[in-house]
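Here the structure is laid out as structure tokens; the discussion comes afterwards.
Remember, predicted model here, so these are calculated numbers, not experimental data. Numbering of ligands and ligand atoms starts at 1, following listing order.
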Amino acid sequence: MQEKTYDVSAEVLARQLKIALHGVKTEDLDHIWVAYEPYWAIGVEGIPAEPPVVDQLHIYLRSVLIDLYGEKGQTVPLLFGGSVNINNAVPYAKCQDVDGLFIGRSAWQSDTFEAIMIALEEAGIPQR
Ligand SMILES: O=C[C@H](O)COP(=O)(O)O
């Protein structure tokens, strides 16, 4: 929780992303997807992130990818996860640089997962 409290998530993210992609060449990027899940948002004790925070952090993640790989960094799918549910899935999915959702508990039951899929479809968010 300290990272969220002290607003250093962006710096931590950049460091983690650069370490995770160390050695990954531009020509390998077609095989890479990046999932971002703030640890404080994951699981039963997790606190769902506010969509504007997700929006800003994903824009930042995209900028790090572009710093690392130039325009090719635009093509890496960025997924968001951590307490995704029927109330926040659409706002998260509408964020500029959120290309998909990483769904945990809400995918454990078919009815809650289906409700999210329907909400995304009704919001006009393309599914693939
Ligand atoms: O695998 C899923 C993620 O770790 C998020 O899980 P959650 O949606 O239950 O918080």
Side-chain angles (χ1 to χ4, degrees):
M1 193 55 74
Q2 193 178 23
E3 288 164 14
K4 187 175 183 228
T5 304
Y6 293 104
D7 197 32
V8 294
S9 292
E11 293 144 42
V12 172
L13 272 185
R15 183 170 181 274
Q16 290 177 337
L17 186 56
K18 288 174 182 175
I19 291 170
L21 294 173
H22 179 73
V24 175
K25 299 181 176 69
T26 303
E27 56 266 34
D28 298 327
L29 281 187
D30 289 340
H31 306 288
I32 298 290
W33 293 43
V34 172
Y36 168 52
E37 297 189 68
Y39 70 88
W40 41 262
I42 297 172
V44 176
E45 303 287 324
I47 300 167
E50 295 297 325
V53 172
V54 175
D55 191 45
Q56 289 305 305
L57 290 175
H58 272 247
I59 288 170
Y60 183 70
L61 282 169
R62 181 66 68 200
S63 75
V64 174
L65 287 169
I66 291 169
D67 282 350
L68 291 172
Y69 297 105
E71 280 307 299
K72 187 71 177 171
Q74 292 276 16
T75 66
V76 177
L78 282 172
L79 312 185
F80 179 76
S83 295
V84 174
N85 59 45
I86 187 61
N87 299 313
N88 58 28
V90 168
Y92 287 159
K94 283 184 172 177
C95 293
Q96 177 180 314
D97 281 301
V98 171
D99 302 306
L101 300 172
F102 207 75
I103 303 174
R105 284 162 292 147
S106 292
W108 292 358
Q109 304 296 327
S110 60
D111 58 341
T112 54
F113 185 64
E114 182 182 28
I116 290 174
M117 294 298 105
I118 290 170
L120 293 170
E121 185 172 357
E122 288 177 354
I125 294 164
Q127 298 175 41
R128 53 183 163 147

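- Inter-residue side-chain proximity for K72 and D30 is flagged as met; some heavy-atom pair is nearer than 4.5 Å.
- Residues I86 and Y92 are members of one and the same hydrophobic cluster, defined by side-chain heavy-atom contacts under 4.5 angstrom among Ile, Leu, Val, Met, Phe, Trp and Tyr.
- Paired with V98 under the rule side chain to side chain contact (heavy atoms under 4.5 Å, CB included), one option of D55, I125, V54 passes, and it is V54.
- Around ligand 1, the residues contributing at least one heavy atom under 4.0 Å from the ligand are E37, A41, I42, G43, G82, S83, V84, F102, G104, R105.
- For the atom pair CG of L29 and CD of Q74, the computed distance is 12.0 Å after rounding to the nearest 0.5 Å.
- Tracing side-chain contacts under 4.5 Å through hydrophobic residues (I, L, V, M, F, W, Y), one never reaches W40 starting from Y60; they form parts of separate clusters.
- No continuous path of hydrophobic side-chain contacts links W33 to I103 [ILVMFWY only; heavy atoms under 4.5 Å].
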